[in-house]
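Residue numbering restarts at 1 for every chain, and letters A, B, ... go by the order of the sequence lines. Atoms considered below: every heavy atom in the structure, side chains included; atoms not considered: hydrogens, waters and symmetry mates. Note that the structure is a prediction, hence the values are computed from the model and not measured.
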Number of protein chains: 4
Amino acid sequence: MDAIFEATIQVLSSDGLLRLNTTRIARRAGVSVGTLYQYFPNKQALLFAVMDQHLAMLADTIEKTCDGNLGATVETLAAAVVKAYLQAKMAQAEISPALYRIASELDARELIDSTVRRSTRAIETALSGASDGRFVDTNLIAQTLTAALYGTVPAFCHKVLSPADGTEAERQLTIMFRSYLVAQQRGIAEIR
Amino acid sequence: MDAIFEATIQVLSSDGLLRLNTTRIARRAGVSVGTLYQYFPNKQALLFAVMDQHLAMLADTIEKTCDGNLGATVETLAAAVVKAYLQAKMAQAEISPALYRIASELDARELIDSTVRRSTRAIETALSGASDGRFVDTNLIAQTLTAALYGTVPAFCHKVLSPADGTEAERQLTIMFRSYLVAQQRGIAEIR
Amino acid sequence: MDAIFEATIQVLSSDGLLRLNTTRIARRAGVSVGTLYQYFPNKQALLFAVMDQHLAMLADTIEKTCDGNLGATVETLAAAVVKAYLQAKMAQAEISPALYRIASELDARELIDSTVRRSTRAIETALSGASDGRFVDTNLIAQTLTAALYGTVPAFCHKVLSPADGTEAERQLTIMFRSYLVAQQRGIAEIR
Amino acid sequence: MDAIFEATIQVLSSDGLLRLNTTRIARRAGVSVGTLYQYFPNKQALLFAVMDQHLAMLADTIEKTCDGNLGATVETLAAAVVKAYLQAKMAQAEISPALYRIASELDARELIDSTVRRSTRAIETALSGASDGRFVDTNLIAQTLTAALYGTVPAFCHKVLSPADGTEAERQLTIMFRSYLVAQQRGIAEIR
DNA sequence: GATGAATGAGTGTTCATTCAT
DNA sequence: GATGAATGAACACTCATTCAT
């Protein structure tokens with residue numbers, strides 16, 4: 001069962017999306033196709049489940065980080081979120097690129113949206129509760145950060161996956177997010 | 001020929017990746033499968049060509065924008081790049097999501113990398129030549145901006161595609177890039 | 001055990017021949033597949049047994065009716081056989097169409113032949129012992145009646161299943177059989 | 001194309017319903033599966049088409065015979081219909097039993113009903129126009145004859161298929177139908 | 001004796017690709 | 001150069017049957 005999850009990732013990573021078929025997954029998992037179909041009604045459902053698990057983990061990570069930084073400064077928050085997200089990604093380094101290949105295969109739109117919405121909400125809440133926070137449109141800012149986070153990291157992917165570059169990526173993203181948030185605060189100040 | 005390109009995009013948009021087969025593409029293009037195979041050695045090559053066209057256009061856009069802003073301030077540059085990239089994306093609004101679906105299908109890694117590299121180089125050159133520029137690691141900054149640009153926009157995709165939200169996305173991204181660049185400049189100042 | 005028989009009929013009636021699989025039968029019968037296979041060596045044997053039961057019942061019905069009408073006139077006999085057969089069929093109205101679907105699935109040829117032979121023999125005996133009987137080829141006539149009986153009723157099937165039409169079918173078949181037998185008797189008379 | 005029709009019948013006859021799969025049909029027809037699927041959208045459609053062809057031929061036969069015997073006596077009509085139907089069946093001796101196996105596989109109900117209805121209507125018209133005809137309920141009688149014809153012959157099937165027995169079967173059925181019709185006419189006379 | 005998870009051969013169907021016309 | 005019928009390998013999925021518990 002978990003073996004099937006694991007096998008799906010492995011096959012996807014090593015053989016690619018085109019060679020990802022139920023027989024191969026089953027063989028790699030050390031079971032028969034029949035067994036696979038006893039646990040998942042069809043291929044789509046399996047891929048969906050794998051996606052779901054990964055995305056839920058990412059959203060959890062961000063939520064926990066945000067919850068743990070209520071009352072902190074926005075700079076601290078930005079650093080914490082970037083760090084947590086990157087760590088989560090790197091912990092599943094092999095899975096991640098594979099999943100981006102699945103995502104399109106069938107309608108993960110809903111799934112992704114829900115993950116993004118959870119993260120956006122968590123970040124928004126954290127920004128609202130920041131010790132030094134004050135933003136005109138907290139929701140918009142949260143959306144922007146989420147998009148940048150979820151989008152930029154995969155774009156960085158091959159670089160990010162090696163520890164050294166991961167650290168560098170974290171530094172740059174943190175600087176970017178921090179300066180963006182500060183700019184938005186200053187924006188308010190300027191408006192006043 | 002261009003009809004085939006066009007048809008590929010259309011089929012992908014309307015029927016999805018799963019129903020994207022050569023017969024359908026040929027029919028939509030108003031030619032026979034045989035004809036299709038006279039222009040492209042195989043399906044992969046066709047998809048590759050379609051991808052290539054789109055990515056080359058994006059890289060061209062960024063290069064032109066960078067070339068056109070040599071000597072400008074980094075703030076002007078940031079705004080110009082964001083604006084140009086978004087405009088290019090929105091001009092091909094229908095194509096874009098379709099292509100992200102293709103990208104995984106076959107090894108577009110190389111193709112994407114080359115596009116990203118072209119853009120990174122162009123941005124790097126522009127930053128070096130900026131009237132107010134001075135950065136410790138211009139290349140790293142250019143990489144970060146490119147990743148954020150190429151990654152964040154698709155993540156924003158469904159929002160970005162409507163003109164109104166497109167404008168908002170542009171504003172936020174511009175703010176983010178500007179503040180990031182300024183922060184990096186200040187970083188140098190602080191180091192001194 | 002009887003539950004399995006019952007379940008087979010039910011599944012066949014409600015889900016159709018294509019969805020008739022051992023797992024479904026077992027579940028409907030409230031037992032496990034394993035249990036099913038402890039009573040029947042394979043699916044074929046199960047279907048065979050179900051068929052057998054039904055056909056044996058039909059043959060029994062005809063035999064009993066024939067035995068009970070030894071010495072009666074051929075007209076009485078004809079009426080009695082038609083009535084008995086129709087009653088037996090209608091008593092198992094739901095089963096009957098289902099079984100005709102099974103029949104082809106596996107070699108029920110032998111089974112059906114044996115049933116038909118039993119019925120033919122019973123009818124032949126009854127005709128020979130009829131108070132007013134005298135036929136040139138009793139066996140041929142018995143065969144014809146059996147074929148007409150076993151064949152026509154299913155052909156009538158959807159109509160026959162409603163009581164009203166059942167009565168009408170009975171009337172017509174009785175008339176047909178009676179007049180056929182009388183014609184055969186008259187044939188002998190004419191030959192003399 | 002006709003080769004596929006032919007192959008379907010052959011496979012059905014020689015290998016049985018259970019071994020009737022598209023691959024086998026294609027191979028026997030001397031084409032590839034792909035070709036088969038270029039002419040028939042799916043297996044069901046193929047079987048349906050084969051059924052349709054056969055049933056339409058039977059209904060045609062009966063209609064033509066009835067049309068050709070307008071104004072004849074009911075006795076002549078009965079003999080003609082039985083003869084024509086048997087000839088049609090025997091001409092396709094191999095097909096016939098095979099098709100009865102298909103019939104149940106999927107919803108041929110409609111198809112069969114339509115054939116039966118066509119035949120019933122033709123017989124009814126012929127009875128109405130018979131030179132010596134006069135029946136209380138022509139439709140009911142036509143229905144009964146159709147059911148007896150369509151039902152009894154297959155029940156006779158293995159016997160009917162050899163010429164000698166075919167002749168005997170024809171004699172008996174003719175006697176049965178003739179006497180049935182005469183009995184119905186007499187019924188009217190008696191009522192008067 | 002009962003269970004039901006595991007098996008894997010077998011099925012219907014699709015689709016990239018070829019090649020005779 | 002254009003065509004599109006033909007191909008057949010490959011896939012998702014089913015289900016009769018087994019066997020360890």
Side-chain angles (χ1 to χ4, degrees), chain A residues 1 3-4 18-27 29-47 105-106, chain B residues 1 4 11 15 17-27 29-47 105-106, chain C residues 1 4 11 15 18-27 29-47 105-106, chain D residues 1 3-4 17-27 29-47 105-106:
Chain A
M1 178 81 176
I4 295 174
L18 282 169
R19 304 269 175 241
L20 182 80
N21 58 272
T22 50
T23 314
R24 220 180 289 260
I25 293 174
R27 188 166 45 240
V31 299
S32 69
V33 220
T35 302
L36 189 156
Y37 275 89
Q38 224 144 27
Y39 290 102
F40 301 93
N42 51 50
K43 189 188 175 188
Q44 215 181 108
L46 167 59
L47 298 184
E105 184 81 341
L106 231 45
Chain B
M1 180 77 175
I4 295 174
V11 171
D15 300 19
L17 186 61
L18 284 166
R19 304 272 172 238
L20 181 83
N21 56 273
T22 50
T23 313
R24 219 181 289 259
I25 292 173
R27 186 167 48 240
V31 300
S32 69
V33 222
T35 302
L36 188 154
Y37 274 86
Q38 227 133 31
Y39 290 103
F40 300 93
N42 50 48
K43 189 189 176 188
Q44 221 179 99
L46 167 58
L47 298 184
E105 186 84 342
L106 244 31
Chain C
M1 177 80 175
I4 295 174
V11 171
D15 300 18
L18 284 167
R19 305 268 173 242
L20 182 82
N21 56 273
T22 50
T23 313
R24 220 181 288 259
I25 292 174
R27 186 166 48 239
V31 300
S32 70
V33 222
T35 302
L36 188 154
Y37 273 85
Q38 227 134 30
Y39 289 103
F40 300 93
N42 51 47
K43 189 190 176 186
Q44 221 180 97
L46 167 59
L47 297 184
E105 184 83 343
L106 243 33
Chain D
M1 176 81 175
I4 295 174
L17 186 61
L18 282 168
R19 304 267 175 242
L20 181 82
N21 56 273
T22 51
T23 314
R24 221 181 289 259
I25 292 174
R27 187 166 46 237
V31 299
S32 69
V33 223
T35 302
L36 189 156
Y37 274 88
Q38 223 143 25
Y39 291 102
F40 300 93
N42 51 49
K43 189 189 176 188
Q44 213 180 110
L46 167 59
L47 298 184
E105 185 82 340
L106 228 46

Taking the side chain from B:Arg19 and the backbone from B:Val11, do they hold a donor-acceptor pair closer than 3.5 Å? no
When the nearest nucleotide of DNA chain E is assigned to A:Gly34 and to B:Arg19 on a heavy-atom basis, which residue is associated with the more 5' position? A:Gly34
Taking OH from D:Tyr37 and C1' from F:dA6, how many angstroms apart are they, rounded to a whole number? 16 Å
Between C1' of F:dC15 and NZ of C:Lys43, the distance in whole Å: 8 Å
If you check every side-chain atom of D:Tyr39, which of E:dG12, F:dA6, E:dA16 has the closest atom? F:dA6
B:Asn21 has its side chain closest, among F:dA12, E:dC15, F:dT17, to E:dC15
Nucleotide F:dT17, atom P - distance to CG of C:Leu46 in whole Å: 11 Å
When the distance from CG of D:Leu47 to C1' of E:dG12 is rounded to whole Å, what number comes out? 12 Å
Please tell me if A:Thr35 has a side-chain N or O lying less than 4.0 Å from either OP1 or OP2 of E:dT7. yes
For A:Arg24 and for B:Val31, find the nucleotide of DNA chain F with the closest heavy atom, then tell me which residue's nucleotide is more 5'. B:Val31
What I'd like to find out is whether the side chain of C:Leu47 reaches to under 4.5 Å of the side chain of C:Leu20, using heavy atoms alone. yes
To the nearest Å, give me how far apart CZ (D:Arg27) and P (F:dA9) are. 12 Å
OP1 or OP2 of F:dA16 less than 4.0 angstrom from a side-chain nitrogen or oxygen of C:Asn42, does that happen here? no
Return no unless some side-chain N or O of B:Ser32 is found under 4.0 Å from OP1 or OP2 of F:dA2. no
Atom pair distance, as rounded to whole Å: CG in C:Asp15 and C1' in F:dT14: 15 Å
Does any part of the side chain of A:Thr22, heavy atoms only, come nearer than 4.5 Å to the side chain of A:Phe40, both counted from C-beta? no
Could you tell me whether D:Leu20 contacts a base, only the sugar-phosphate backbone, or nothing, with contacts defined as non-hydrogen atoms closer than 4.0 Å? sugar-phosphate
How is B:Phe40 classified with respect to the nucleic acid when contacts are heavy atoms under 4.0 Å: base, sugar-phosphate, or nothing? nothing
Value in whole Å for how far the C1' atom of F:dA5 lies from CG of D:Leu36: 14 Å
Side-chain contact check for D:Gln38: nearest option of E:dT13, F:dA6, F:dG4 is F:dA6
Find out whether C:Leu46 and C:Tyr39 are in side-chain contact, i.e. whether some heavy atom of one side chain is under 4.5 Å from a heavy atom of the other. no
By the 4.0 Å heavy-atom rule, please label C:Ile25 as base, sugar-phosphate, or nothing. nothing
If you check every side-chain atom of B:Thr22, which of E:dT17, F:dC13, E:dT13 has the closest atom? E:dT17
Given DNA chain E, 5'-ward residue of the pair D:Thr23 and C:Gly30, judged by closest heavy atom: C:Gly30
